[in-house]
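Index from 1, following the sequence. None of these values were measured; they are calculated from a predicted model. Every number for a ligand or one of its atoms is a count from 1 in the order of the listing. When reading the values below, keep in mind they use all heavy atoms of this one structure, side chains included, and skip hydrogens, waters and symmetry mates.
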Amino acid sequence: MTTPPKGGLILVTGVTGYIASWTALKLLEQGYKVRGTARTLSKAEFLKDGPLSKYASNFEIVEVADLEDNGAFNEAVKGVDGIAHIASPFHFRVTDPYVDLINPAVNGTVNLLKAAKEYAGPQLKRVVITSSFAAIVEPHKPGHSFDETQWNQHSINLAETFKADPTNPSKQVPPNEAYRASKSLAERALWDFVKTEKPSFEVAAINPVFVFGPVIHSVKDAESINTSVFLLYKFIAGLNAKVEEGVAPKAFVDVRDVADAHIKALQVEEAKGQRFFNVAGAFKWAEVVEILRKHNKLTKNDYPPTGEKVDSYFFNNAKSKDVLGLNYISLEDSVLATAESVERFV
Ligand code: NAP
């Protein structure tokens with residue numbers, strides 16, 4: 001078998017984050033032991049004393065202050081049976097795409113994999129890495145269908161053009177493209193590592209789209225809500241002047257389905273060596289607003305319909321259903337649960 005044993009010890013990196021806290025909770029609910037890495041220990045203690053308290057005796061916290069430190073994960077991996085590597089920066093506050101996003105994403109992944117190979121021990125069976133739709137999406141004509149066979153090279157090219165001439169104003173990288181480059185390069189680092197280092201453990205990658213759904217991790221105010229939920233929160237709190245769909249292909253997945261995808265990728269034998277497009281379906285912001293309106297969650301602005309035309313794209317989740325057995329939460333359930341968990345910040 002190449003899967004961790006039931007009840008085994010799973011390392012969850014960046015456990016203080018939105019997706020990782022749900023992954024830790026669901027692992028604990030299924031009887032696993034969880035070791036979570038955190039750069040902010042108080043946020044990890046919040047989890048232990050709050051949402052994970054029922055399982056506190058099976059949950060330990062290890063400080064990893066900086067993903068980029070050489071050997072950052074060498075201690076944390078010791079004795080684990082499986083790893084969900086979720087920690088990576090997801091924000092759009094970008095001065096330098098490499099310093100702010102790409103280096104921590106790529107070096108964090110490589111540091112984790114090196115540590116897993118050298119320090120974890122032979123009982124380590126599987127490492128699952130959180131990648132993203134960002135590592136798949138490229139500019140395509142409306143009507144295109146996205147799936148896990150596709151790779152984003154476009155954002156990497158933009159980042160490399162910047163790197164060759166960083167002071168040239170015309171070579172600056174938009175923040176969303178810098179984030180996409182960070183995820184595309186980090187996932188490539190995973191597959192390159194497997195090819196060149198031939199570790200004894202198996203790996204898989206999960207590629208979620210926009211993640212919505214309830215927040216259980218430590219969030220102190222509206223400004224510290226994680227990036228994907230904040231986009232939805234802005235409608236709840238009336239921070240958007242109007243509904244604008246933008247031109248990017250948009251799809252959603254609930255955070256509980258993202259956590260399940262990681263856990264199934266640790267458990268399912270056939271998941272080894274695979275990447276999985278983790279997507280429930282397409283959405284429009286106008287649909288999100290309709291759901292919020294129906295449930296009385298629009299606190300300050302009722303956003304009249306704009307009639308804006310939106311390009312449609314398709315998102316193929318067949319592999320995640322067939323191999324991982326996922327059964328996706330609907331947009332209405334996901335949006336409502338998100339709203340209920342963050343409306344206290346309005
Ligand atoms: P999040 O709530 O911001 O969580 C990010 C986690 O990574 C946090 O624990 C954070 O620590 C940690 N982290 C970030 N930069 C770090 C650094 N330089 N050193 C050490 N730790 C660092 O975001 P999330 O939405 O859960 O995202 C988690 C993963 O899912 C990321 O890999 C992201 O790319 C991926 N993803 C997210 C979405 C989405 O829509 N949310 C979609 C696709 C993929 P702190 O708590 O201390 O900040």
Side-chain angles (χ1 to χ4, degrees), residues 12-25 36-47 61-69 72-73 76 84-94 98-109 111-112 128-137 152 155 176 178-187 189-190 205-220 223-233 248 250-259 261-262 275-280 283 315 334 338 341-342:
V12 176
T13 69
V15 75
T16 53
Y18 175 49
I19 294 171
S21 54
W22 267 106
T23 306
L25 174 60
T37 74
R39 64 173 167 179
T40 318
L41 287 178
S42 58
K43 286 166 85 176
E45 294 296 346
F46 166 90
L47 278 180
I61 301 163
V62 175
E63 184 172 11
V64 173
D66 187 347
L67 298 171
E68 289 199 66
D69 282 351
F73 294 101
H85 175 53
I86 304 179
S88 199
F90 181 17
H91 60 77
F92 298 129
R93 300 177 300 277
V94 185
Y98 283 85
V99 173
D100 299 319
L101 293 171
I102 296 173
N103 294 345
V106 174
N107 297 337
T109 300
N111 279 340
L112 183 280
V128 176
I129 302 258
T130 317
S131 185
S132 174
F133 180 42
I136 291 175
V137 64
N152 175 4
S155 307
N176 65 332
Y179 172 69
R180 288 176 180 179
S182 80
K183 297 305 287 183
S184 199
L185 284 164
E187 194 192 331
L190 163 69
I206 301 298
N207 297 65
V209 288
F210 268 133
V211 184
F212 297 151
V215 165
I216 59 167
H217 64 295
S218 167
V219 177
K220 65 176 187 314
E223 284 66 46
S224 43
I225 295 174
N226 67 289
T227 301
S228 58
V229 170
F230 190 71
L231 294 174
L232 202 155
Y233 173 82
K250 283 193 299 297
F252 79 99
V253 59
D254 190 277
V255 66
R256 294 161 287 184
D257 290 331
V258 181
H262 284 77
R275 73 199 295 240
F276 293 94
F277 193 23
N278 192 199
V279 49
F283 76 95
F315 302 88
S334 190
T338 317
S341 76
V342 294

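Looking at Ser184, its side chain never comes within 3.5 Å of a backbone N or O of Arg180 through a donor-acceptor pair. No donor-acceptor distance shorter than 3.5 angstrom exists from the side chain of Ser218 to the backbone of Lys43, with no hydrogens or angles considered. A distance-only check finds no donor-acceptor pair linking the side chain of Tyr233 to the backbone of Glu223 [under 3.5 Å].
Near Ser132, with a cut-off below 4.0 Å to any heavy atom, the atoms of ligand 1 are 43 (C), 44 (C). Each of the atoms 45 (P), 46 (O), 47 (O), 48 (O) of ligand 1 lies under 4.0 Å from some heavy atom of Lys43. Atoms of ligand 1 lying under 4.0 Å from at least one heavy atom of Ser88, given by number and element, are 5 (C), 7 (O), 14 (C), 15 (N), 31 (C), 32 (O). Near Phe210, meaning under 4.0 Å from one of its heavy atoms, ligand 1 places the atoms 40 (O). Within ligand 1, the atoms closer than 4.0 Å to a non-hydrogen atom of Ala87 are 7 (O), numbered from 1 in the order shown. Atoms of ligand 1 found under 4.0 Å from any heavy atom of Pro89 (numbered from 1 in listed order, with element): 14 (C), 15 (N).
In plain terms, the two heavy atoms of Pro208 and Val253 that are nearest each other are CB-CG1, 4.1 Å.
The distance criterion of under 3.5 Å between nitrogen or oxygen atoms is met by Gly14 with respect to ligand 1. Considering backbone and side-chain N/O of His217, none are found under 3.5 Å from N/O of ligand 1. The distance criterion of under 3.5 Å between nitrogen or oxygen atoms is met by Ser228 with respect to ligand 1. Looking at Ile86 next to ligand 1, an N or O pair under 3.5 Å apart turns up. In terms of polar-atom proximity, Pro104 is not counted as a contact of ligand 1, lacking any N or O under 3.5 Å from an N or O of the ligand. The shortest N or O to N or O distance between Tyr18 and ligand 1 is under 3.5 Å. Geometrically, ligand 1 and Val211 share a nitrogen or oxygen pair separated by less than 3.5 Å.
Using cut-offs of 30° and 60° on the angle between ring planes, the pair Phe252 and Phe283 is perpendicular. Relative orientation of the Phe92 and Tyr179 rings is perpendicular, given thresholds of 30° and 60° on the angle between their planes.
Lys183 NZ, 2.7 Å is the protein heavy atom nearest to atom 32 (O) of ligand 1. Closest protein heavy atom to atom 4 (O) of ligand 1: Gly17 CA, 3.5 Å. The shortest contact between atom 43 (C) of ligand 1 and any protein heavy atom is with Pro208 O, 3.2 Å. The protein heavy atom nearest to atom 44 (C) of ligand 1 is Ser131 O, 3.3 Å.
At least one heavy atom of Tyr179 sits closer than 4.0 Å to an atom of ligand 1. Contact annotation: Gly108 has no heavy atom less than 4.0 Å from any atom of ligand 1.
Here atom 19 (N) of ligand 1 lies nearest to Leu67 when heavy atoms of Leu67, Thr16, Thr13, Ile225 are compared. When His262, Arg180, Arg39 are ranked by how near their heavy atoms come to atom 21 (N) of ligand 1, first place goes to Arg39. In this structure, of Asn226, Val215, Thr130, Leu231, the residue bringing a heavy atom nearest to atom 3 (O) of ligand 1 is Asn226. In the candidate list Val258, Thr40, Ile19, Ile19 is nearest to atom 37 (C) of ligand 1, counting heavy atoms.
Judged purely by distance below 3.5 Å, without hydrogens or angles, the side chains of Thr227 and His91 never pair a donor atom with an acceptor atom.
Just one of Thr109, Asn152, Asn207, Thr130 meets the side chain to side chain donor-acceptor pair (under 3.5 Å) condition when paired with Glu187; it is Asn207.
At a heavy-atom cutoff of 4.0 Å, ligand 1 is contacted by the backbone of Val209 but not by its side chain.
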